[in-house]
Amino acid sequence: NNISVNNLNIFFINTYGSLYSLDNKTMRVNWFLNFNQSTDINPIDLFNSNEIIYQNDKIVISSDQITYVLNNKNGVLNFKKNFGSQIKPVIINDHLFSITDNNLLISLNLTTGKIIYSYNINQKIADYLNSKKRQVEVRNIMVVNDKIFIFLKNPYILKFSIYGNLEEIVKLKNKLNSDPIFVDNTMLYLDKKNKLRIIN
């Protein structure tokens with residue numbers, strides 16, 4: 001189950017694709033949507049999505065196949081796009097940045113619904129290193145100082161500009177065992193031995 005809360009509403013989506021908007025004070029249902037059109041209760045029909053994220057008056061729900069952008073006041077679908085992600089997307093200003101299962105970094109304008117770019121991360125790394133393209137495994141994506149940080153499952157960080165340019169590849173001394181936390185310009189994380197690591 002997936003729950004997000006803001007000052008006014010609680011947004012809840014269950015594994016069957018039912019999305020609810022609840023009033024934060026009265027707990028009454030504001031509106032309800034069903035993303036899963038199947039009536040069968042079957043594991044293959046379960047609705048898998050990332051954490052609900054919102055920006056101003058918009059809700060973004062990213063399933064494994066489709067990205068939905070809705071009006072959070074009434075649940076009206078603004079638009080949907082035929083790409084999804086198993087990793088929670090991030091938002092900078094009014095732009096959504098998402099990584100698909102085949103390692104495409106996608107920038108989507110949340111107002112117009114226009115895809116600004118779609119870049120292959122594997123190719124970006126190959127071009128940066130002037131090497132053969134190889135498949136990488138992405139752990140998560142974060143926004144740090146208006147930059148896009150992509151953390152790989154090995155001890156590497158890819159630093160992209162918001163325009164999709166790969167600016168730097170950083171190798172950590174220790175593999176991440178937790179999602180990092182940034183305090184000012186300092187990164188803190190637990191390594192595979194659960195030791196706290198601090199990088200300035």
Side-chain angles (χ1 to χ4, degrees), residues 2-7 11 48-56 58-64 67 69 83-111 115-200:
N2 184 336
I3 300 175
S4 290
V5 181
N6 64 19
N7 293 333
F11 303 104
N48 297 312
S49 69
N50 292 296
E51 180 182 338
I52 299 168
I53 54 179
Y54 49 85
Q55 174 81 351
N56 299 325
K58 301 177 185 68
I59 298 175
V60 179
I61 297 173
S62 181
S63 73
D64 51 1
T67 296
V69 180
F83 66 85
S85 174
Q86 294 182 358
I87 298 169
K88 178 186 174 184
V90 295
I91 295 176
I92 301 177
N93 298 324
D94 206 32
H95 289 79
L96 180 82
F97 298 90
S98 180
I99 299 175
T100 66
D101 291 343
N102 58 348
N103 283 349
L104 295 180
L105 173 63
I106 295 178
S107 173
L108 173 69
N109 187 304
L110 290 175
T111 299
I115 293 177
I116 307 302
Y117 59 75
S118 176
Y119 293 140
N120 187 296
I121 294 172
N122 301 326
Q123 186 63 56
K124 285 284 186 179
I125 296 171
D127 293 343
Y128 183 89
L129 298 175
N130 193 24
S131 65
K132 183 179 178 181
K133 184 169 72 171
R134 294 188 176 95
Q135 185 77 12
V136 297
E137 293 184 276
V138 176
R139 176 187 175 94
N140 66 359
I141 179 173
M142 297 179 71
V143 176
V144 182
N145 297 326
D146 287 332
K147 301 288 184 181
I148 303 166
F149 280 35
I150 297 175
F151 296 85
L152 303 183
K153 291 185 178 179
N154 58 26
Y156 284 90
I157 305 172
L158 311 177
K159 297 183 180 182
F160 282 82
S161 73
I162 60 173
Y163 306 105
N165 300 316
L166 178 55
E167 297 182 339
E168 187 178 4
I169 299 177
V170 177
K171 183 178 181 180
L172 302 173
K173 292 182 179 179
N174 307 93
K175 190 175 180 180
L176 276 74
N177 195 37
S178 70
D179 289 336
I181 297 172
F182 287 87
V183 180
D184 295 325
N185 292 318
T186 301
M187 185 176 82
L188 300 89
Y189 69 95
L190 297 177
D191 66 15
K192 61 183 178 181
K193 295 182 180 180
N194 283 331
K195 291 184 178 181
L196 178 63
R197 300 291 179 177
I198 301 174
I199 299 178
N200 294 316

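We number each residue from 1, following the sequence as shown.
Counted within 6.0 Å of CD on E137, heavy atoms from surrounding residues, nucleotides or ligands total 12 or fewer; the atom is thus considered open. For N185, the CG atom is loosely surrounded, since the number of other residues' heavy atoms within 6.0 Å does not exceed 12. For OH of Y117, the number of neighbouring non-hydrogen atoms (other residues, nucleotides, ligands) closer than 6.0 Å is greater than 12. The environment of CD1 in I115 is crowded: more than 12 heavy-atom neighbours from other residues, nucleotides or ligands sit within 6.0 Å. No more than 12 heavy atoms of other residues, nucleotides or ligands lie within 6.0 Å of NZ in K175, so this atom counts as exposed by the packing criterion. Atom OH of Y156 has 12 or fewer heavy atoms from other residues, nucleotides or ligands within 6.0 Å. Atom CG of D184 is surrounded by 12 or fewer heavy atoms from other residues, nucleotides or ligands within 6.0 Å.
Proximity of a side-chain donor or acceptor of S178 to a complementary backbone N or O of L190 within less than 3.5 Å is detected. A distance-only check finds a donor-acceptor pair linking the side chain of S85 to the backbone of I99 [under 3.5 Å]. A donor-acceptor contact shorter than 3.5 Å is absent between the side chain of N145 and the backbone of K147. With hydrogens and angles ignored, the 3.5 Å screen pairs a side-chain donor or acceptor of D191 with a backbone N or O of K193.
The shortest non-hydrogen separation linking V90 to M142 is CG1-CA, 4.1 Å. Here the closest non-hydrogen pair linking I91 and V143 is O-CG2, 4.2 Å. Looking at every heavy atom in both residues, Y189 comes nearest to P180 through CB-CA, 4.1 Å.
Taking 4.5 Å as the limit, some side-chain heavy atom of F83 sits within range of a side-chain heavy atom of L108. Side-chain contact check for N120 versus K133: some heavy-atom pair is nearer than 4.5 Å. Side chains of T67 and I106 form no contact here, defined as non-hydrogen atoms less than 4.5 Å apart. Under the 4.5 Å side-chain criterion, counting only non-hydrogen atoms from C-beta, M187 is not in contact with V144. Taking the side chain as every heavy atom from C-beta outward, I162 and F97 approach each other to under 4.5 Å. Looking at heavy atoms from C-beta onward, N103 lies out of side-chain contact with Q123 at the 4.5 angstrom threshold.
Between F151 and F149, the ring planes lie tilted relative to each other; the angle falls in the 30° to 60° range.
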